[in-house]
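Report on one structure; see the data block that follows.
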Protein chains: 2
Amino acid sequence: METLDTVPDEDFLRLDHQICFSLHAATRAFNGVYREALKELGLTYPQYLVMLVLWEHGELPVKGIGERLRLDSGTLSPLLKRLEAGGYVERRRSPEDERSVTVRPTSEGTALKEKARGVPRRIAAATGLDLADIRDLRERLDALAVRLDGVDPDELNVCR
Amino acid sequence: METLDTVPDEDFLRLDHQICFSLHAATRAFNGVYREALKELGLTYPQYLVMLVLWEHGELPVKGIGERLRLDSGTLSPLLKRLEAGGYVERRRSPEDERSVTVRPTSEGTALKEKARGVPRRIAAATGLDLADIRDLRERLDALAVRLDGVDPDELNVCR
DNA sequence: CGCGATTAAGTTGTGCACAACTGAATAGTG
DNA sequence: CACTATTCAGTTGTGCACAACTTAATCGCG
């Protein structure tokens with residue numbers, strides 16, 4: 001039987017070429033489709049993810065957004081500043097904890113939810129997948145992400 | 001039966017939250033693992049993809065690399081400049097067509113292939129997937145990318 | 001209570017992705 | 001053959017991801 005251990009390094013380099021490239025390409029293809037669908041909303045794809053989180057939770061500290069989207073303040077701070085400049089969110093130092101900044105959608109940001117309502121259906125249609133396929137792919141990707149996030153860095157270096 | 005047409009918009013927004021986020025997160029988790037594995041080679045993940053292509057083909061014009069990796073000159077030009085500064089590749093105006101620039105690995109760049117030999121196996125091990133799973137996931141992602149790249153932009157806008 | 005450790009957000013710097021554009025070379029058509 | 005259209009690489013500008021760091025507030029231990 002053909003397993004991870006019976007394939008020579010040389011073939012592996014080629015196989016790897018396929019898999020890492022495939023993920024890379026699929027992600028960018030997805031980004032392209034979202035970019036197009038979100039153009040009329042004036043949102044980028046990461047900004048849309050932030051708005052989805054805020055529509056669901058109403059208001060969150062920056063840290064809370066970061067936990068849900070797995071993004072740090074170095075990414076979120078400028079992104080939120082742009083969303084604020086666009087009039088979609090408000091940022092306010094929390095009175096209870098002055099270190100924390102609470103982010104919430106403005107009325108304009110909330111109104112945007114209605115305009116965004118049709119987006120996911122059009123995206124799903126564009127993938128050509130049915131609900132079961134989408135769920136299946138999502139579960140695989142989630143499991144993969146959890147697995148990869150938990151990898152011990154030492155496993156990845158030659159010196160161990 | 002539950003299909004794309006029988007799910008209300010509201011649920012769809014939540015489902016969408018899951019799927020787009022999953023892909024996003026999996027990609028970044030993958031990038032993190034590659035980042036760690038490639039640290040000792042002095043390559044970033046996109047630089048590694050370029051080197052994989054060059055190791056396989058020996059020498060290619062910028063356009064050829066871009067076609068294989070689905071990247072344009074705006075991304076590749078500075079990336080290749082960094083690879084050249086690192087001593088891994090050489091760039092030369094093609095004598096036959098002065099518009100074209102031929103990229104090829106230097107001896108140092110070729111030597112790097114040996115150091116990179118163990119990387120894909122360690123990555124594959126980190127995913128916790130076996131060969132069949134990897135192939136299956138790759139095929140799904142490829143099909144998805146092809147489908148998404150071929151989407152008519154009009155399908156994605158409300159005004160149609 | 002006081003002070004060092006931790007936490008939150010922000011800043012800086014590097015690299016990638018992509019749109020829009022430039023300039024130079026080539027291809028193709030009348 | 002001349003001249004327009006296309007092609008190729010590169011540049012510019014915007015935005016995201018992340019590492020490393022800064023600053024300010026809070027926590028918690030002695």
Side-chain angles (χ1 to χ4, degrees), chain A residues 20-21 23-36 38-39 42-50 60-67 69-86 89 91-103 145 149 153, chain B residues 20-21 23-36 38-39 42-50 60-67 69-86 89 91-103 145 149 153:
Chain A
C20 65
F21 169 66
L23 189 75
H24 210 66
T27 298
R28 283 179 299 118
F30 235 116
N31 282 342
V33 169
Y34 269 105
R35 196 194 323 279
E36 186 64 32
L38 294 173
K39 209 187 296 183
L43 293 177
T44 66
Y45 180 55
Q47 288 167 7
Y48 171 69
L49 292 181
V50 168
L60 280 173
V62 173
K63 180 179 164 57
I65 300 173
E67 278 165 1
L69 297 182
R70 198 189 165 285
L71 291 172
D72 68 6
S73 66
T75 300
L76 285 174
S77 286
L79 189 157
L80 291 169
K81 207 180 285 180
R82 282 186 284 272
L83 280 179
E84 190 175 40
V89 306
R91 290 187 301 165
R92 222 178 62 240
R93 283 273 153 199
S94 162
E96 306 90 62
D97 185 342
E98 290 275 329
R99 292 172 303 180
S100 176
V101 166
T102 302
V103 183
D149 277 334
Chain B
C20 65
F21 169 67
L23 190 74
H24 211 65
T27 298
R28 282 181 298 118
F30 236 116
N31 282 342
V33 169
Y34 269 106
R35 196 192 324 279
E36 185 63 32
L38 294 173
K39 208 189 293 181
L43 293 178
T44 66
Y45 181 55
Q47 287 166 7
Y48 171 68
L49 293 182
V50 169
L60 279 174
V62 173
K63 181 179 164 56
I65 299 173
E67 278 165 0
L69 297 181
R70 197 187 163 285
L71 292 172
D72 67 7
S73 67
T75 300
L76 286 174
S77 286
L79 189 157
L80 291 170
K81 208 180 285 181
R82 282 185 285 272
L83 280 179
E84 189 175 40
V89 305
R91 291 188 299 166
R92 221 178 63 239
R93 282 275 153 198
S94 162
E96 305 90 63
D97 186 343
E98 290 275 327
R99 291 171 304 182
S100 176
V101 166
T102 301
V103 183
D149 277 334

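Note on naming: letters A, B, ... go to the chains in the order of the sequence lines (proteins, then strands), and numbering restarts at 1 for each one. The basis for the numbers below is simple: all heavy atoms, side chains too, and nothing from hydrogens, waters or symmetry mates.
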Partners passing salt bridge (Lys or Arg N to Asp or Glu O under 4.0 Å) against [X] (at least two apart in sequence or in another chain):
{"X": "Asp97(A)", "value": "Arg99(A)"}
{"X": "Arg92(A)", "value": "none"}
{"X": "Arg35(A)", "value": "none"}

* Asked: Got a sec, which residues hit ring pair (Phe, Tyr, Trp, His ring centres under 6.0 Å) with Tyr45(B), two or more places apart in sequence or on another chain?
  -> His24(A), Tyr34(B)
Rounded to whole angstroms, how far apart are [atom1] on [X] and [atom2] on [N]?
{"X": "Leu60(A)", "N": "dA9(C)", "atom1": "CG", "atom2": "P", "value": "11 Å"}
{"X": "Leu83(B)", "N": "dG15(C)", "atom1": "CG", "atom2": "P", "value": "11 Å"}
{"X": "Glu84(B)", "N": "dA9(D)", "atom1": "CD", "atom2": "P", "value": "14 Å"}
{"X": "Arg91(A)", "N": "dA9(C)", "atom1": "CZ", "atom2": "P", "value": "11 Å"}
{"X": "Lys81(B)", "N": "dT11(D)", "atom1": "NZ", "atom2": "C1'", "value": "8 Å"}
{"X": "Tyr48(B)", "N": "dG15(C)", "atom1": "OH", "atom2": "C1'", "value": "19 Å"}
{"X": "Arg92(B)", "N": "dC8(D)", "atom1": "CZ", "atom2": "P", "value": "18 Å"}

Interface polar pairs with nucleotides 22-29 of chain D, N/O, under 3.5 angstrom:
from, atom 1, to, atom 2, distance (Å)
dT26(D), OP1, Glu98(A), N, 3.1

* Asked: Applying salt bridge (charged side-chain N to carboxylate O under 4.0 Å, His left out), which residue pairs with at least one partner in residues 69-78 of chain B are found, sequence neighbours left out?
  -> Arg70(B)-Asp149(B)
* Structure fact -> Of the candidates dG10(D), dA9(C), dG15(C), the side chain of Arg93(B) sits closest to dG10(D)
* Asked: Looking at dA9(C), dT11(D), dG10(D), which one has an atom nearest to any side-chain atom of Val101(A)?
  -> dA9(C)
* Would you indicate what Ser100(A) reaches in the nucleic acid, counting non-hydrogen atoms under 4.0 angstrom: base, sugar-phosphate, or nothing? => sugar-phosphate
* Contact class for Pro78(A) (heavy atom, under 4.0 Å): base, sugar-phosphate, or nothing? -> nothing
Give each protein N/O atom lying under 3.5 Å from an N/O atom of nucleotides 17-21 of chain D, with the pair distance.
from, atom 1, to, atom 2, distance (Å)
dA17(D), OP1, His24(B), NE2, 2.8
dC18(D), OP2, Arg28(B), NH1, 3.2

* **salt_bridge(Lys81(A), Glu84(A)) N-O dist < 4.0 Å** => no
* Structure fact -> Residues at least two apart in sequence or cross-chain that pass side-chain hydrogen bond (donor to acceptor under 3.5 Å, both in side chains) with Thr27(B), listed by chain then number, are Thr27(A)
* Side-chain touch Thr44(B)/Leu79(B), heavy atoms, less than 4.5 angstrom -> no
* Results of side-chain contact (heavy atoms from CB on, under 4.5 Å) for Glu67(A) - residues two or more places apart only -> Lys63(A)
